[in-house]
Structure formats: structure tokens, C-alpha cells
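Heads up, the thing below is written out as C-alpha cells.
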Amino acid sequence: MKLPLSFALLASAASALAQTSAPMKPFGLVIHGGAGVIERKAMSPELDAEYRATLQRALDAGYAVLEKNGPALDAVIAAVTVMEDSPLFNAGKGAVLNADGFCEMDAAIMNGATLQAGAIAGVQHIKNPLHLARDVMEKSKHVFLIGDGAEKFAESLGYEHTPREYFQTDFRRQQLERAKQLEAKKDNGTASVPLGPASPGGLRDEHFKREQKYGTVGCAALDQHGDLAAGTSTGGMTNKKFGRVGDVPVIGAGTYANNATCAVSSTGWGEFFIRSVVAHDISAQMEYQGKDLRAAAAATLAKVAKLGGDGGVIGIDARGNVMTDFNSEGMYRAYHIAGQPPVVAIYGDEPR
Ligand code: ASP
């Protein structure tokens, strides 16, 4: 049946009105690929483009989940998986090497709706560590599993045993070599760098610190149901020893989500981020002092800096306000909030 033109016009006007008057539920996500000495002058145009393209792919993978009304947790996993699978970042493939020359990876995820969390540390054979962190949260009675135990748990769930070589890249081997050389210099007293009082163990090797390329990955997401989630995945720090674990899998330090406040993922010098309980500190300021996300993050990063640490944080709050902040030279970062264009940035002079 053919509708009279006036009726069709009326119907389409009414549907347009319904679309514009229904308030859109805020949703979106923010990701990082690590903070550190990331400077324009040190980056080739090709590498710059490769980083931006991979960040965009990770962002799109997470956004696609949210757009289809999927849960924030799935969006976090989707975005982080892209970065774990890319050799560009310090997570999954391309994770940094420990002092013995292999990768030990840490990851954590948190569900802001339930305050459930899952974390793993020191795994060597898990292709996508954040997947295992989620399984710890959803399929075990525990929150935090480490090393062999975490790997046995993965085996019991049918995870593939990924050989150590899969994760290792030439670039990370060179970084380890360089870190060892610098360490040796410091050990025999020939380092020409100032040692301050602020670092773990009471020593601070400025030069060594500036050589570190971080590159941890993380995501914080808000879905259309109003649920928040955060996840972070890392190889930790180059040349780490003695089963060292950083902030990433420590709930409240590297990773935190609470529907009442925000979802946060951190990257940077983990020892300082643990001591400053960074992610929870941001949430706590919002909860107890009514601060907004950006102000809370700036205050927490200032505390980290005061202790001598550097790095960055990303977050999203329950209303869809997004934050990316760092006190290092740069941070690989991107965000996409519904109704706004996506943003991808790397250097300190780009939007945060
Ligand atoms: N925060 C991580 C760690 O200390 C390192 C990083 O962010 O790249 O393990």
C-alpha cells in the first residue's frame, strides 16, 4: 500500500524526533600503549604511523563491542588483545625481557559493576595474559595467581602452551643488552649520572630510567548499561630480576574499576605506582572528596612525581568523561566516546 506523502513525512519527522529526544546513553573507551621517553624527534614517520594504526585498530575493536551494546569487560579484552598481539607494545608478543632473557608477564582486569577482579603475575607461556586474568576472576575462587600456579590453572582450562620464543623480539633483546651495559657501568662506579634518594633501594639512576621504554597496554571502558571495566597487561620492566612484579596486576595500583567512580589503567615505573596505589587513589578522591576524574588523576600523578616516579594513567568515569594524563614525555593513547570523533595521540604536545 502506498502511503500518502504527508503521512510518510509526518512519520519520518516523528521518528527523527524520537531519536533526538531519547537521551543517548554515554559509552566509550580509552586505551594506552605505555608511557615513557616517547619523543617526536626520535620517531620515524613509518613507526609513528604504525603505532597510530595499531592504536586505532585496538580502539575500534573495543568500540565495536560497546556500539553493539556489549559489556565493558568484553570491550577491554577486545582492545587489549590487539595490543598484546602486536610486537610494538610491552605486552604479550613483544613483551620486555627479564634479566635471564625471557618474558614474564603480568595482567589484571576489574569489573566495576561487581568489584570482582582477576590478576596474574610472572606467566611465561600465555599468549594473551589478560584473557587468563579474566578467567581467574570468573572461573576461580581467587583474585591473584602467580607463575607456575597460574600456568597450571590455564592448562586446566585448556589454554595452549605458547613457547617462550613467540614473545621475544630482536628489539627487546637489544634493549636488554643496553640495560645490562648501563647496569654494569653503574656497578663499577663509572656511571656519569646523578644518583638521587628517591628510587627503590635508595638509588636513582636517572640515565637508566630515561632509557627505559615502557609500553604496557591497558583499557578502561564504559558500556551502555553504565558498567565500567579496566584491564592492563605488561611484560614489566626490562632486566627485571628475582620474580619482580610491578603495579599492573596489583589491584588498586595499576588497575581499578568501580561503577560508583571510574575505571583506571596505569603505566609507568611500577614500584612508584604500587607505593602510591595509583588507580584506587584516583577513585578514592572521586568517592570521598567528590573530585572529578581529571583533577583526581592530576593529584595522584603529582604524588607519584614527588616520590620520583614517572608514567601515566587513563580513565573513564560513569558519565563518559575520559582522562589521559602522564608526567613522562609521551604516552601512546587513544579514546572514542560515543557521539564524538576518536582521538589517537602519542606525544606530550597532542591532546590529552
Ligand atoms: N608499570 C609497568 C611495570 O612497572 C611498566 C610499564 O608500564 O610499562 O611493570
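Order of appearance sets the numbers: ligands from 1, and atoms from 1 within every ligand. Keep in mind that this is a model prediction, so the values were computed, not measured.
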same_hphob_cluster(V96, Y51) at 4.5 Å side-chain heavy-atom cutoff: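 No.
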Distance-only side-chain donor-acceptor flag, S86 / T54, under 3.5 Å: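 No pair is found: no donor N or O on one side chain lies under 3.5 Å from an acceptor on the other.
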Closest to atom 5 (C) of ligand 1 (judged by heavy-atom distance), picking from G246, G312, G268, G270: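 The residue whose heavy atom sits nearest atom 5 (C) of ligand 1 is G268.
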Closest to atom 8 (O) of ligand 1 among V245, T216, D106 (heavy-atom distance):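 Answer by nearest heavy atom: T216.
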Electrostatic pair D85-K93, nearest N-O below 4.0 angstrom: no
Salt bridge R52-D48, side-chain N to carboxylate O under 4.0 Å: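 So R52 pairs with D48 through a salt bridge.
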Residue pairs fulfilling side-chain hydrogen bond (donor to acceptor under 3.5 Å, both in side chains) with at least one residue in residues 97-106, sequence neighbours excluded: N98-E104
Nitrogen or oxygen atoms of R244 and ligand 1 under 3.5 Å apart: yes
With a cutoff of 4.0 Å, is [X] in contact with ligand 1, counting heavy atoms of the residue only?
X: K240; value: no
X: G215; value: yes
X: G34; value: no

Return all side-chain donor-acceptor pairs below 3.5 angstrom for residues 56-65, not counting sequence neighbours, or 'none' if the list is empty.
| unit_1 | atom_1 | unit_2 | atom_2 | d |
| --- | --- | --- | --- | --- |
| Q56 | NE2 | D60 | OD1 | 3.0 |

Below 4.0 angstrom from a heavy atom of [X], which ligand 1 atoms are there? Numbered from 1 as shown, please.
X: G236; result: 5 (C), 9 (O)
X: D247; result: 1 (N), 2 (C), 3 (C), 4 (O)
X: T267; result: 6 (C), 7 (O), 8 (O)

Ring centroid separation Y159 to F153 under 6.0 Å: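 Judged by ring-centre distance (under 6.0 Å), Y159 and F153 do not meet the cut-off.
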